[in-house]
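Down below is the structure, laid out as structure tokens.
Each chain gets a letter, A, B and so on, in the order the sequences are listed, and its residues count up from 1.
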Protein chains: 2
Amino acid sequence: MDRKQVTIQDVAREAGVSTATVSRTLSKPTVVAKPTRQAVLRAVQKTGYQVNHLARNLRRGRTGSVIALAPNLANPFFSQILAGMSEVLSARNYGLLIADTQMGPDPDERLRRYLAAGAADGLVLFDGSLSPAALDVPGRPPVVAACEWLKVDLPSIRVDNAMGAELAVAHLADLGHSRIGHVTGPRRNVLARTRLAGWRDAMTRRGLDPREGWVFEGDFSMDSGAMAARRWLAAPDRPTALFFASDEMAVGFLGEARRADIRAPRDVSVVGFDNIEVAAHLDPPLTTIRQPRTLIGQRAAALLMDLIEGGDGAAFESMVEVDLILRDSTAPPPPPAPAGQASSKAAGAA
Amino acid sequence: MDRKQVTIQDVAREAGVSTATVSRTLSKPTVVAKPTRQAVLRAVQKTGYQVNHLARNLRRGRTGSVIALAPNLANPFFSQILAGMSEVLSARNYGLLIADTQMGPDPDERLRRYLAAGAADGLVLFDGSLSPAALDVPGRPPVVAACEWLKVDLPSIRVDNAMGAELAVAHLADLGHSRIGHVTGPRRNVLARTRLAGWRDAMTRRGLDPREGWVFEGDFSMDSGAMAARRWLAAPDRPTALFFASDEMAVGFLGEARRADIRAPRDVSVVGFDNIEVAAHLDPPLTTIRQPRTLIGQRAAALLMDLIEGGDGAAFESMVEVDLILRDSTAPPPPPAPAGQASSKAAGAA
DNA sequence: CTGAAAGCGCTTACAG
DNA sequence: CTGAAAGCGCTTACAG
């Protein structure tokens, strides 16, 4: 591997100028006389010179890249977000490093290392479970929180999860449902908690009962949705409609429910959260709350860029809105069953 | 932002030694006398010193990171692969940069820039549409192709797509199908071509007719699967079974077919490719060819590491095997319909 | 075992 | 408009 790297020296020699002039030609061409500039560019062509970013960055005191830190890279949820970030960053010639916080033994220590000098010029955090203390690195670069994160006051891009819950409950209540349940994400997850709280508020606001027995714990995964289906089926006084904290859980629920010959929206109305790609292709197509993930990535990157360039980020912080995508998994509640059946209590809700 | 960076100088002063000794204590501790070492470590603690990677890397002539270059980062297909790469790389203290080839105006030029000195120590290529000429950069770092790529001879990790097609056709033929169709990926995609060729070979090998009219062109997306459903429905002599080049297309097909009251496996048998997460949760759960994506990422990273460290990669190149995941979307073909109907010719196949 | 010194490849005040 | 020179923070032969 004899990579005989072409350096700025080679170009300078070839063009008969100093390295300073070569450098200037490449970074601030206007300041160089035209004939000189042309000679330099010719020499660059001839030698095939490519700037060595390592050296440039060391000199400039920046790395030219930022890190996106996610709790689980394998989660396809992040792919669109990363694509959004990459779009904004690459337009500015910044690199995008990705890392998984939950991979090693000590996530906090990993974060601290990524904040060390020379690792990156900034960082976007998607993992709300990291401890705020890990951010306490002297001279650390700017950090953007792209998750709800209650404990620390970081510049952030937030998704309006409360609004999502409100839209879901409003839609179901408008259809005539009063027994509206909720399938949650993991208890410790802040997103999950906000959606749960949003469901409670939306129910209460309408004089509906946000009953504890109508809350089914999940962890965002399809499997946990399938499990929720089994618990829902066994519940004595089960809701006629369910708002899921993720589409994946709704998918798992629908698949499992179907095995018990329960169909949406005939037997139960279902609203998801995220609008993952498959949602439109299910049977029935899933009504859901859409999160604009590409936008989240773009916004997070733009905010970080502003911070890196010395801005205060104020103009870039934002609450990303969500909206209801109406499909076919919701309908008015089924008519009350005759007395003596498991769902008899539904009569009271009509 | 007054980041007063702590440098190796500060530590040296604090410990009363030279910077060389500090450096050695940190990289090759054994070569330093114990008392000295301890003094240095104390000074590191006290000052909160963190090595500046930029400087270290410039000196060492490496960047400490590699690039994964994908045609479309938003495709969730890549998330597991990236997670697999990240796992291997971070264990070795390498960073993972990601970039999207199809974002800018000139993909080849982007590739060339990423191959420039100082951008990364190596690169994994997932985009088979890039032109080989773009790799022709003097002194470029090692590149691993993690896609089938016929034109260039790069160290590579390949997925056994032909085997996947064979498994799918074998399974359907064993069930009694003889009219087995194929829904392809995009024509120009090498993966798609290999799967199509694999289907043809597998059919021919069994004396079955790989009829052109049984090939439906798609582009891997759910939408294209739905379109294939419409074309399949309209086909005069339609196949009783379909092998899809992607699960996503199978999902789109099933959703659309259901609207025409066509169900798998009652009316048509369906085999996908990939084993995406939702496959297990569909109704019916989808029989498919599984690609171990995490493994692909791990292998690609391991191969690249070997190349970067001066190996020839030979021991790390590999063909990743696929397997058939049997679920409920396949069954023996429906009995031939009575004469006079569209599917009457099926009788000949019984 | 330790230190003085060179140097990785670039950029940028400072002179002229 | 251009060049000589310093220096970004580190590592590593080379002496001792």
Side-chain angles (χ1 to χ4, degrees), chain A residues 2-41 43-44 47-64 93 116-121 138-139 141, chain B residues 2-41 43-44 47-64 93 116-121 138-139 141:
Chain A
D2 66 330
R3 309 184 195 168
K4 38 182 153 187
Q5 172 156 236
V6 180
T7 76
I8 204 171
Q9 312 267 11
D10 302 317
V11 180
R13 197 175 317 117
E14 177 70 31
V17 299
S18 73
T19 59
T21 298
V22 176
S23 175
R24 279 192 284 258
T25 304
L26 265 25
S27 350
K28 319 191 195 65
T30 52
V31 84
V32 178
K34 194 160 179 189
T36 318
R37 200 194 315 160
Q38 288 174 331
V40 170
L41 292 177
V44 166
T47 56
Y49 172 73
Q50 298 257 41
V51 64
N52 179 320
H53 292 90
L54 237 36
R56 165 181 284 179
N57 290 340
L58 173 60
R59 180 60 230 241
R60 286 189 178 166
R62 40 154 269 176
T63 70
N93 278 311
D121 299 336
Chain B
D2 66 329
R3 308 185 198 170
K4 36 182 151 183
Q5 172 155 239
V6 181
T7 76
I8 205 171
Q9 313 266 12
D10 302 316
V11 180
R13 198 176 315 116
E14 178 69 31
V17 299
S18 74
T19 58
T21 298
V22 176
S23 176
R24 280 191 284 257
T25 304
L26 266 25
S27 348
K28 316 191 196 69
T30 52
V31 83
V32 178
K34 196 161 178 190
T36 319
R37 201 195 313 160
Q38 287 174 332
V40 170
L41 291 177
V44 167
T47 55
Y49 172 73
Q50 299 257 41
V51 65
N52 180 320
H53 292 91
L54 238 36
R56 166 180 285 178
N57 291 339
L58 173 59
R59 182 56 231 242
R60 288 191 177 162
R62 41 155 268 176
T63 69
N93 278 311
D121 299 335

Donor-acceptor pair between Asp121(B) and Thr63(B) side chains, under 3.5 angstrom: yes
Can you find a donor-acceptor pair, distance only, under 3.5 Å between Arg24(A) side chain and dG3(D) base? yes
Who does dA4(C) pair with, Watson-Crick or G-U, both distances under 3.5 Å? none
Is there a Watson-Crick or G-U wobble partner for dA13(C) with both distances under 3.5 Å, and which nucleotide is it? none
Round to a whole Å and report the spacing from CG of Leu54(B) to P of dG7(D). 19 Å
To the nearest Å, how far apart are Arg60(A) CZ and dT12(C) C1'? 11 Å
Under 4.0 Å between a side-chain N/O of Thr21(B) and OP1 or OP2 of dG3(C), yes or no? yes
Please tell me which of the listed nucleotides, [options], lies nearest to the side chain of [X]?
X: Ile8(B); options: dT12(C), dC10(D), dG3(C); value: dC10(D)
X: Val17(B); options: dC1(D), dG9(C), dG3(C); value: dG3(C)
X: Arg59(A); options: dC8(D), dT11(D), dC1(C); value: dC8(D)

Quick one: on DNA chain C, does Arg37(B) or Leu58(A) contact a more 5' nucleotide (nearest heavy atom)? Arg37(B)
Reckon [X] touches a base, only the sugar-phosphate, or nothing at all at heavy-atom distances under 4.0 Å?
X: Thr7(B); result: sugar-phosphate
X: Ala20(A); result: base
X: Lys28(A); result: sugar-phosphate

Along DNA chain D (nearest heavy atom to each residue), the more 5'-positioned of Thr19(A) and Ala55(A): Thr19(A)
Test item: Ser27(B) side-chain N/O and Arg24(B) main-chain N/O as donor-acceptor pair under 3.5 Å: no
